[in-house]
Protein chains: 2
Amino acid sequence: MTAAASSTASERVASHLRAQILAGELAPGTRIRQEDVAAEFGASRLPVREALRMLAAEGLVELETNKGARVPELDGEELSIVYEMRERLEPLALTSSIPLLTPLAVAQLHEIQDRIAREDGLIDFLTLDRQFHMLTYSACPSVTLLTTVERFWNSTQHYRRAFMQVATPHRRAMVNAEHELLVDAIERQDVEDGERYLTGHIRRTRIELAELFRV
Amino acid sequence: MTAAASSTASERVASHLRAQILAGELAPGTRIRQEDVAAEFGASRLPVREALRMLAAEGLVELETNKGARVPELDGEELSIVYEMRERLEPLALTSSIPLLTPLAVAQLHEIQDRIAREDGLIDFLTLDRQFHMLTYSACPSVTLLTTVERFWNSTQHYRRAFMQVATPHRRAMVNAEHELLVDAIERQDVEDGERYLTGHIRRTRIELAELFRV
DNA sequence: GCCTTGCCGATTGGATCCAATATGAGGTAA
DNA sequence: TTACCTCATATTGGATCCAATCGGCAAGGC
């Protein structure tokens with residue numbers, strides 16, 4: 001689901017746009033004109049149309065008949081409910097993943113978390129944080145669950161960015177503490193603890209976000 | 001999301017195929033050739049391609065590059081996890097919907113449940129049951145949540161059908177009892193009870209399904 | 001005998017052109 | 001002035017044609 005050297009033009013266009021949207025170069029609300037993208041990419045409009053449909057399936061753009069595509073905007077309430085959905089689904093992904101995670105994956109988790117703890121920059125934090133959590137879910141046997149979780153991350157990406165831009169040192173420290181506890185639980189194969197810490201992690205973020213984006 | 005007289009050709013094709021898949025006329029594993037659908041519909045292949053992408057977004061078909069579209073098959077384990085996801089998400093949809101449901105909607109719930117209780121046929125049961133539950137969620141303010149829930153219903157539709165085909169009178173009676181309790185809780189605006197009954201309803205079905213489809 | 005390799009039909013992916021629809025500017029009437 | 005109507009233009013939706021890719025089958029080599 002992450003970029004990858006794709007063969008068809010529509011997949012390449014999709015990867016390109018996906019990266020732009022997740023990086024915030026295309027902000028929520030931005031309209032995406034087919035012809036612009038086609039020109040920029042040296043392709044016809046048709047693969048662009050298909051790429052937009054793919055991204056729509058991932059929740060990264062929304063399409064309206066005869067009106068085209070735009071990057072979706074979430075209001076505060078919708079954002080909060082998406083976090084409640086994450087709060088319920090991601091622990092399920094975690095618990096089904098933990099018993100199947102390889103020692104290599106656990107070692108990588110430590111490594112990523114070390115880099116997060118050292119990292120000052122915002123962009124890298126968001127990328128690493130996503131890598132971190134997705135890696136904890138990576139052994140989950142259900143593609144449906146993994147795909148759904150990724151959709152939620154996609155649709156909240158912009159707000160995570162806005163949120164972390166005003167991150168205090170204290171907030172960063174909290175995240176690090178939660179991550180450390182989570183990795184420890186995973187290493188001990190303690191499914192209950194893992195679920196507990198992850199739920200708290202998401203829940204705390206939801207509440208802080210609601211405070212920041214309340215309508 | 002349900003059929004509706006749509007303006008564009010791709011939407012009409014999508015509605016058509018969606019109905020066929022949900023009705024079981026196109027069984028899981030069936031391959032869908034673009035040209036066949038185009039011919040049957042008197043349109044070109046292009047709107048068919050877009051329709052297939054729409055359906056892929058809803059989880060009703062799966063696409064593979066250069067290999068075309070087919071109706072997805074779930075194995076027993078995947079099916080079970082989808083039910084666990086439903087078990088966690090649908091109560092959320094319900095609790096956010098209950099306070100906003102109109103008296104008219106509640107009256108319709110009674111009506112639908114009466115018809116379910118009287119209904120002998122299988123096809124109508126599946127349709128009515130879906131209508132029933134979606135109506136309980138209909139006031140949920142989050143489109144993301146509603147869309148996600150509908151995706152899950154789509155992807156499990158075939159197995160619900162296979163399941164109900166071997167439904168005993170006892171099983172039907174259980175469903176009716178659960179529905180009655182659910183409607184009662186909704187009518188009393190008792191969010192906790194509603195959540196409790198719905199969770200049990202889905203959970204019980206998951207376990208019975210797992211027994212039937214275990215690998 | 002079995003695996004590899006190259007060919008051919010079937011099917012999907014892409015480009016170009018045309019039709020349908022929405023958006024915005026400008027003008028006219030109340 | 002303001003509301004509404006008309007029309008031009010920009011943008012998306014659809015049809016047709018061409019190119020690329022996959023699957024099966026047969027012939028040849030190990």
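In what follows, every chain begins at residue 1, and chains take the letters A, B, ... in the order their sequences are listed.
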Tell whether B:Arg49 reaches the base of C:dG14 with its side chain through a donor-acceptor pair below 3.5 angstrom. yes

Under the 3.5 Å rule, do the base of D:dG13 and the side chain of A:Arg45 count as making a donor-acceptor pair? yes

[X] [atom1] to [N] [atom2], straight-line distance once rounded to whole Å:
{"X": "B:Arg53", "N": "D:dG14", "atom1": "CZ", "atom2": "C1'", "answer": "17 Å"}
{"X": "A:Glu64", "N": "D:dT11", "atom1": "CD", "atom2": "C1'", "answer": "14 Å"}
{"X": "B:Arg31", "N": "D:dC22", "atom1": "CZ", "atom2": "P", "answer": "13 Å"}
{"X": "A:Glu11", "N": "D:dA20", "atom1": "CD", "atom2": "C1'", "answer": "14 Å"}
{"X": "B:Glu35", "N": "C:dA10", "atom1": "CD", "atom2": "P", "answer": "11 Å"}
{"X": "B:Leu52", "N": "C:dG13", "atom1": "CG", "atom2": "C1'", "answer": "13 Å"}
{"X": "A:Asn66", "N": "C:dA22", "atom1": "CG", "atom2": "P", "answer": "5 Å"}
{"X": "A:Arg33", "N": "C:dT23", "atom1": "CZ", "atom2": "P", "answer": "13 Å"}

With a 4.0 Å cutoff (strictly under), does any side-chain N or O of [X] reach OP1 or OP2 of [N]?
{"X": "A:Lys67", "N": "C:dT21", "answer": "no"}
{"X": "B:Ser10", "N": "D:dG13", "answer": "no"}
{"X": "A:Gln34", "N": "D:dG13", "answer": "yes"}

Tell me what A:Ile32 touches on the nucleic acid: a base, only sugar-phosphate, or nothing, going by heavy atoms under 4.0 Å. sugar-phosphate

Specify the residue among A:Thr65 and A:Glu50 whose closest nucleotide of DNA chain C lies further upstream toward the 5′ end. A:Glu50

Any idea how A:His179 and A:Phe132 line up, ring-wise: parallel (<30°), tilted (30 to 60°), or perpendicular (>60°)? parallel

On a heavy-atom basis, which atom in A:Glu195 and which in A:Pro91 lie closest, and how many Å separate them? CG-CB, 3.6 Å

Kindly check if the number of other-residue, nucleotide or ligand heavy atoms within 6.0 Å of CD (A:Glu40) is above 12? yes

Criterion side-chain hydrogen bond (donor to acceptor under 3.5 Å, both in side chains) on A:Glu77 and B:Ser142, from CA distance to verdict: CA-CA 8 Å; A:Glu77 189 173 359; B:Ser142 165; over 6 Å; no

Ion pair A:Glu178/A:Arg204, N-O distance below 4.0 Å: yes

